[in-house]
**Q** 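One structure is given below, represented as structure tokens, and several questions about it will come after.
One is the number of the first residue; the rest follow in order along the sequence. What you are looking at is a predicted structure, and each value in this text was computed from that prediction instead of being measured.
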Amino acid sequence: MQALAEESLLQNIPIFARLSDQHLRLIGEALTVHSYRAGEDIFIQGASADSLLIVLSGAAILFQSNADGIQAPLATVKPNQVFNQEALFSVFTQSATLRASQNVTAAKLGKDAFDALLKRHSELGAAIGLNKKDAGAAINPRFAEQRDDEAVLIETRRHFWAFLRTAWIPLLIMPAMWAAAFILGAGALSLLIVFLSLIFPGVALIYFFAEWRNDSVIVTDQRIIRVERTILAMHRQITQVGLESVQEINFDIPPYDPFARLFRYGSVIIKTAGSQGNLELDLIPRPEQFQKLIIEDRQYFESRKAQRHHAMVRDELQRWMAGENPELGKEFGPSPADASASPTPVPGTNGYFSTCIRMSNGDIVYRKHISVWAQHTFIPVVIVLLAVTGLLLTFTVLSPDLRIVTFPLSMLAFLIGAVMYYWLDWDWRNDIYIISDDTITLVHKRPFFLQNLRDQVLVERIDNVESVTTGFFAAIMKYGDVRMSLIGADEHKLFHKVSNPQLIQQEISRRQHMKEERRARYDAMQQRQILGEYLGAAGAQTSQQNQNAAHSPTSQPNATTLALQTEGGAPLARAANNLDRNRPPRLPRKRVNYAPQAIQPDNSQIDDLERRRPPRLRPDREHL
């Protein structure tokens with residue numbers, strides 16, 4: 001059990017990655033070791049999952065069975081792989097079966113043992129991130145953008161050396177100021193310098209520590225999020241990459257930095273399909289373990305995705321067998337009535353200065369922040385006000401001789417200001433960003449048909465989304481930019497100076513998540529339709545063969561014949577004693593009748609063949 005308690009084993013599990021050595025030792029002592037022979041089931045599909053499982057040695061196959069008994073392999077399990085992490089916090093049923101293909105040794109951590117461990121050591125639940133009121137119930141939301149079905153695996157910051165490498169500056173200034181006070185001797189000036197030596201370096205240390213603590217990296221079971229903040233510059237940048245977009249993960253330890261190997265920090269580079277979506281995390285503690293964590297998280301994500309897909313296919317087959325057979329794509333497209341009607345703004349969201357307009361079809365239309373409108377229309381509004389003031393003075397104060405000059409000038413200024421206001425207001429009002437379920441559209445228009453650009457992006461082509469807020473006014477008025485990097489694109493798609501960029505980033509992420517779920521369900525329905533058509537065709541063919549066999553006096557019923565008829569004659573299921581039920585019906589072989597002809601051997605050809613063949617493969621001439 002000492003090997004199980006080692007940090008290198010338990011720290012690779014995402015939910016235990018942030019624990020101290022003492023906590024890892026406690027969990028290692030709670031583990032129990034089990035052995036399984038080749039061919040034995042480690043856990044079974046449909047059974048209750050009540051423990052976390054770690055494969056220590058051997059190999060196993062993870063597969064899933066559908067309603068017809070067809071076993072679909074999902075993955076080959078190797079040592080150090082982890083299953084059923086959710087079993088420590090909730091009760092659920094296994095969606096697949098794990099069967100040992102070799103002799104397997106596995107370690108288990110039961111939910112009861114884990115709950116007892118949390119009761120004895122309350123600080124352990126806080127370190128993992130559990131709710132203090134109910135440690136076994138749920139995980140607290142760790143950040144504002146966390147989804148309902150998203151679990152945080154690890155939240156880390158840059159290495160503490162990122163703070164210490166800047167903290168030496170105020171620590172060096174402090175003794176220098178003390179030396180200056182000592183040289184000046186006793187006096188008011190010396191006391192002032194000593195007092196300032198405590199205030200300024202202390203404030204600087206607090207600021208550097210806050211800057212270090214502000215930045216964080218969050219790894220969940222669905223995406224990777226980096227948060228960067230700068231206090232003085234009022235800068236906040238949130239970058240997120242979905243696990244499905246991760247293509248390659250590398251780490252680099254700078255060779256020119258001797259402290260990197262001493263304190264074990266480095267850079268982790270996360271590469272995506274698009275070069276603009278790459279994410280580089282610098283000064284990450286233990287970068288090799290962080291890399292391994294993301295790789296295992298990516299594999300776990302794909303495994304759960306495959307399990308959900310098989311579960312959807314199974315549910316769709318059950319719906320088909322129950323008689324529910326909706327047309328493919330009908331559940332995902334708009335109804336004919338909705339398709340013909342144009343979307344309209346939802347009441348209450350379409351004011352004159354609205355920057356977020358919700359449409360009746362679920363789309364959201366964003367405009368630039370109202371400060372952009374105020375900045376653009378300030379000069380035209382001032383010109384119009386001056387022109388109106390000039391007209392009022394012309395007819396009230398000025399003499400008739402001056403009216404000849406001031407009236408046309410005021411009217412000209414009024415027309416120029418009105419045209420400028422119309423132009424700039426129309427420009428702000430028609431530069432919009434539309435977020436829908438499938439696409440994101442960027443529209444840039446100019447009055448009088450001078451420009452009409454419409455850039456449309458598919459949601460599934462988005463590789464990386466980040467929101468950026470920089471500056472005092474941007475932080476106070478809550479506006480910024482949203483950047484989207486696309487697969488195969490060389491530059492970002494930009495939402496420029498929009499209100500609440502973090503909320504827009506969250507909305508784009510939510511649409512991506514919804515798109516993936518709809519795509520998975522559509523694929524499940526498509527496979528359901530293919531399997532349904534195949535089973536229906538096979539059932540009809542078998543039914544016809546059974547009818548022909550029943551009318552034939554020479555045929556005898558076979559025990560392995562497929563029984564695929566219901567009371568109404570519709571295909572239903574195969575017989576349980578059919579050993580070939582998982583195979584498609586064999587195609588009839590094409591028979592060719594021909595009469596063999598007598599071929600006389602040619603001695604010259606035989607001699608030539610004998611010379612080419614090795615001695616042990618040469619034929620005997622006497623048999624020819």
Side-chain angles (χ1 to χ4, degrees), residues 143-145 157-158 162-163 166 169-170 200 203-218 224-241 276-283 351-357 364-382 420-421 424-425 427-435 440 442-444 455 462 464-486 491-509:
F143 58 101
E145 297 82 8
R157 297 180 178 88
R158 293 176 178 175
F163 163 68
T166 55
I169 299 177
F200 287 160
V203 171
L205 285 175
I206 294 175
Y207 173 76
F208 291 149
F209 180 80
E211 285 285 3
W212 168 78
R213 192 172 178 81
N214 269 339
D215 301 339
S216 61
V217 178
I218 304 172
I224 303 168
I225 303 172
R226 180 183 65 186
V227 180
E228 292 183 326
R229 300 182 182 93
T230 304
I231 298 176
L232 291 181
M234 294 288 185
H235 174 81
R236 182 183 183 187
Q237 180 174 348
I238 302 176
T239 308
Q240 65 177 20
V241 177
Q276 295 294 327
N278 294 343
L279 184 63
E280 183 173 355
L281 310 174
D282 59 337
L283 292 171
Y352 186 79
F353 296 110
S354 296
T355 58
C356 177
I357 305 172
I364 303 180
V365 179
Y366 294 97
R367 293 194 184 109
K368 296 179 181 179
H369 193 265
I370 191 64
S371 62
V372 178
W373 175 88
Q375 181 181 0
H376 288 179
T377 59
F378 176 75
I379 294 178
V381 168
V382 171
M420 290 178 61
Y421 177 85
L424 296 175
D425 176 78
D427 184 23
W428 174 83
R429 199 166 301 280
N430 290 275
D431 282 353
I432 57 177
Y433 311 101
I434 306 172
I435 299 180
I440 295 178
L442 294 82
V443 180
H444 298 279
D455 193 359
I462 298 176
N464 184 332
V465 184
E466 61 182 8
S467 59
V468 182
T469 301
T470 303
F472 176 78
F473 289 103
I476 295 298
M477 305 183 72
K478 296 182 179 180
Y479 70 84
D481 299 339
V482 178
R483 303 171 186 169
M484 299 177 295
S485 61
L486 308 180
E491 58 183 12
H492 293 91
K493 298 297 180 181
L494 183 65
F495 286 25
H496 184 58
K497 288 187 177 181
V498 290
S499 301
N500 298 316
Q502 290 81 18
L503 296 181
I504 298 178
Q505 179 190 31
Q506 186 177 356
E507 180 65 25
I508 296 174
S509 176

**Q** Can any side-chain N or O of R226 pair as donor or acceptor with the backbone N or O of Q237 at less than 3.5 Å?
**A**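 Not at all, since once roles are kept as given, no pair shorter than 3.5 Å links the two residues.
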**Q** R367 side chain to R429 main-chain N or O, any donor-acceptor pair under 3.5 Å?
**A** yes
**Q** Once you measure the plane-to-plane angle for W373 and F353, does it fall in the parallel (<30°), tilted (30-60°) or perpendicular (>60°) bin?
**A**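 Rings of W373 and F353: perpendicular, over 60°.
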**Q** For the CD1 atom of I364 and the OH atom of Y433, what is their distance to the nearest 0.5 Å?
**A** 15.5 Å
**Q** Rounded at 0.5 Å granularity, tell me how far OG in S509 sits from CD1 in I238.
**A**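 Rounded to the nearest 0.5 Å, the OG-CD1 separation comes to 11.5 Å.
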**Q** Please list, one pair per line, the donor and acceptor atoms closer than 3.5 Å that link side chains of residues 471-486 to other protein atoms, with sequence neighbours excluded.
**A**
| unit_1 | atom_1 | unit_2 | atom_2 | d |
| --- | --- | --- | --- | --- |
| D481 | OD1 | H496 | ND1 | 3.4 |
| D481 | OD1 | K497 | N | 2.8 |
| R483 | NH1 | E466 | OE2 | 3.4 |
| S485 | OG | N464 | N | 3.3 |
| S485 | OG | N464 | O | 3.4 |

**Q** K493 versus I462: any side-chain heavy-atom pair under 4.5 Å?
**A**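 Result no, sub-4.5 Å side-chain heavy-atom pair not found.
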**Q** Do E507 side-chain atoms and I435 backbone N/O form a donor-acceptor pair below 3.5 Å?
**A** no
**Q** Of all heavy-atom pairs between I357 and S354, which one has the smallest distance, and what is that distance?
**A**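 For I357 and S354, the tightest heavy-atom pair comes out as CG1-CB, 4.1 Å.
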**Q** Would you say the side chain of S467 lies within less than 4.5 Å of the side chain of I504, judging by non-hydrogen atoms?
**A** no
**Q** Could you grab the distance from atom CG of L442 to atom CG of D431, nearest 0.5 Å is fine?
**A**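 The CG atom of L442 sits 10.0 Å away from the CG atom of D431.
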**Q** Do L424 and F378 have side chains that approach each other closer than 4.5 Å (heavy atoms only, starting at C-beta)?
**A** no
**Q** Taking H369 for the side chain and S371 for the main chain, is one N or O donor matched with an acceptor at less than 3.5 Å?
**A**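 Yes; at least one donor-acceptor contact below 3.5 Å.
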**Q** Tell me, with the steps shown, if V468 and H235 meet side chain to side chain contact (heavy atoms under 4.5 Å, CB included).
**A** CA-CA 7 Å; V468 182; H235 174 81; 3.6 Å; yes
**Q** Could you list the donor-acceptor pairs under 3.5 angstrom formed between side-chain atoms of residues 203-214 and any protein atom two or more places apart in sequence or on another chain?
**A**
| unit_1 | atom_1 | unit_2 | atom_2 | d |
| --- | --- | --- | --- | --- |
| Y207 | OH | E211 | OE2 | 2.6 |
| E211 | OE2 | I231 | N | 2.9 |
| W212 | NE1 | R158 | O | 2.9 |
| W212 | NE1 | H159 | O | 3.2 |
| N214 | ND2 | A210 | O | 3.4 |

**Q** Would a 4.5 Å heavy-atom cut-off, applied to side chains only, mark I508 and Q505 as touching?
**A** no
**Q** Taking atom CD1 of I379 as the centre, does the number of heavy atoms from other residues, nucleotides or ligands within less than 6.0 Å exceed 12?
**A** no
**Q** Can you tell me how far the CG atom of D425 sits from the NE2 atom of H376, to the nearest 0.5 Å?
**A** 11.5 Å
**Q** Return the set of residues passing side chain to side chain donor-acceptor pair (under 3.5 Å) with Y421 (not counting sequence neighbours), or none when no residue passes.
**A**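 Y421 satisfies side chain to side chain donor-acceptor pair (under 3.5 Å) with Y352 only.
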